[in-house]
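What follows is a single structure, written as structure tokens, with notes after it.
As the structure lists them, so they are numbered: ligands from 1, and atoms in each ligand from 1. Being a predicted model, the structure only gives us computed values, none of them experimental.
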Amino acid sequence: MRALLFIPILFITACGSSSEPGDAPPVVWPLSKSTTMDTLNDGYGPRELSGGYDFHRGLDMPAPTGTPIYAPLGGTVVRVEEALPGDSLERLGKFVIIAHDPHNGVDVHQMSFQHMNSFSVTLNQRVEKGQQIGTVGNSGVGINTEHLHMGYFIGNNDGLIKRLNSRNALRLLPYTHIDYGVSLTKSGSDLVLVLSQNPKSLDAVRIRLVPNDQTEVVLDFETREGMDVTDDDINPYGNILITPAPFDQNDTIFQNTITFQTLYAATTSAEIFITDAKGTVHPYTFSDL
Ligand SMILES: [Zn+2]
């Protein structure tokens with residue numbers, strides 16, 4: 001990575017807001033069975049994994065084997081399965097998928113609960129919000145740590161894992177948005193965006209860069225606009241390089257550095273718009289780049 005120019009960094013924050021849009025009673029977190037966010041050691045989207053870049057299609061919650069997992073929302077169990085080594089889903093291990101009831105205008109959606117140790121539901125069973133569905137484990141090929149991986153999918157509820165339907169589960173789960181720390185600096189012909197949250201809430205899903213002299217650029221971790229849709233682990237892609245900082249449950253700051261490369265030697269100002277998982281757009285303006 002090339003050295004950054006040392007330019008004064010402008011931090012701007014937007015108003016915080018707590019967040020459960022609509023009128024429906026809030027869903028609950030799968031480990032606490034409450035509206036208090038479970039401990040996360042990975043959010044949805046770009047993450048550092050084993051020293052490299054990885055696109056994470058879910059939320060990870062560390063917990064000891066045997067910890068109960070509860071349904072965040074009512075629904076029907078559409079899949080209960082143990083994926084064995086050699087299976088295309090071997091990394092999921094023992095998993096459950098629940099087709100959830102409609103919620104706040106979303107009619108077709110489902111959640112997956114992966115790396116489980118045991119099941120307490122059966123196929124086609126109706127489950128209510130807060131009902132235990134099984135326990136945490138570390139099942140799945142290559143899964144070394146005890147944690148629950150929860151995937152969220154909009155657009156299908158048939159139990160299939162459709163990669164491009166995966167969305168940030170914070171769309172559905174209650175949490176408090178934490179103001180972003182945002183800096184934008186110029187390094188040669190690159191624009192370098194550093195996006196952080198302290199404490200972590202990991203809820204940025206869409207970033208829009210509007211430079212004064214170039215076409216706007218969108219990077220969307222859900223629709224994969226600005227990413228390689230055939231393989232969201234490809235990085236860099238186009239002229240965008242994503243560099244996630246290492247993160248685990250002991251870290252308080254979650255940070256991604258996003259480098260918009262090569263086109264910006266003459267850029268003097270830019271706006272950044274960051275959309276959070278509840279759909280709120282947070283604007284930032286940078287001049288004198
Ligand atoms: Zn995971």
Side-chain angles (χ1 to χ4, degrees), residues 27 29-32 37-72 79-85 87-98 100 109-119 133-154 156 159-173 175 197 200-205 221-222 224 227 231-235 242 244-251 254-256 277:
V27 304
W29 283 82
L31 301 185
S32 73
M37 186 184 231
D38 286 327
T39 298
L40 298 179
N41 64 353
D42 264 317
Y44 180 89
R47 66 169 169 180
E48 186 269 352
L49 184 68
S50 305
Y53 172 85
D54 182 63
F55 189 82
H56 188 225
R57 296 181 285 274
L59 302 181
D60 280 356
M61 287 152 265
T65 291
T67 301
I69 301 168
Y70 304 102
R79 207 156 170 184
V80 185
E81 208 165 299
E82 178 172 10
L84 298 172
D87 188 301
S88 62
L89 298 178
E90 63 180 12
R91 284 186 61 82
L92 278 61
K94 292 182 178 176
F95 67 100
V96 167
I97 298 179
I98 298 175
H100 283 301
H109 57 163
Q110 65 180 21
M111 277 201 176
S112 67
F113 304 85
Q114 303 171 197
H115 317 316
M116 292 169 70
N117 183 62
S118 66
F119 302 132
I133 60 172
T135 60
V136 173
N138 64 346
S139 62
V141 171
I143 304 303
N144 300 315
T145 60
E146 302 164 313
H147 71 280
L148 171 64
H149 172 111
M150 180 172 60
Y152 181 51
F153 302 83
I154 289 181
N156 73 297
L160 296 179
I161 301 287
K162 293 190 172 178
R163 188 175 56 83
L164 292 177
N165 283 1
S166 74
R167 296 291 181 267
N168 192 327
L170 295 176
R171 281 173 171 261
L172 187 64
L173 290 156
Y175 74 99
Q197 275 183 305
K200 55 206 174 190
S201 58
L202 316 173
D203 66 346
V205 296
F221 302 139
E222 293 189 320
R224 275 63 156 194
M227 304 178 65
D231 184 351
D232 36 33
D233 284 324
I234 297 292
N235 179 53
I242 306 172
F247 176 79
D248 69 27
Q249 68 264 38
N250 299 314
D251 293 320
F254 182 76
Q255 181 171 294
N256 277 307

(message) Once ring pair (Phe, Tyr, Trp, His ring centres under 6.0 Å) is applied, do any residues pair with Tyr152, and if so which ones, sequence neighbours excluded?
(response) His109
(request) Return the name of the atom in Asp60, of element N, O or S, nearest to the Zn ion (ligand 1). (result) OD1
(message) Would you say Ser166 and Tyr44 are linked by a side-chain donor-acceptor pair, where the criterion is simply a distance under 3.5 Å?
(response) yes
(request) Output yes if His147 passes the N/O/S-under-2.8 Å test against the Zn ion (ligand 1); output no otherwise. (result) no
(request) State the atom name: nearest N, O or S atom of His149 to the Zn ion (ligand 1). (result) ND1
(message) When you compare the side chains of Tyr53 and Asp233, does any donor N or O come within less than 3.5 Å of an acceptor on the partner?
(response) no
(request) Not counting sequence neighbours, list each pair that qualifies as a salt bridge (charged side-chain N to carboxylate O under 4.0 Å, His left out) and has a residue in residues 58-69. (result) Arg47-Asp60
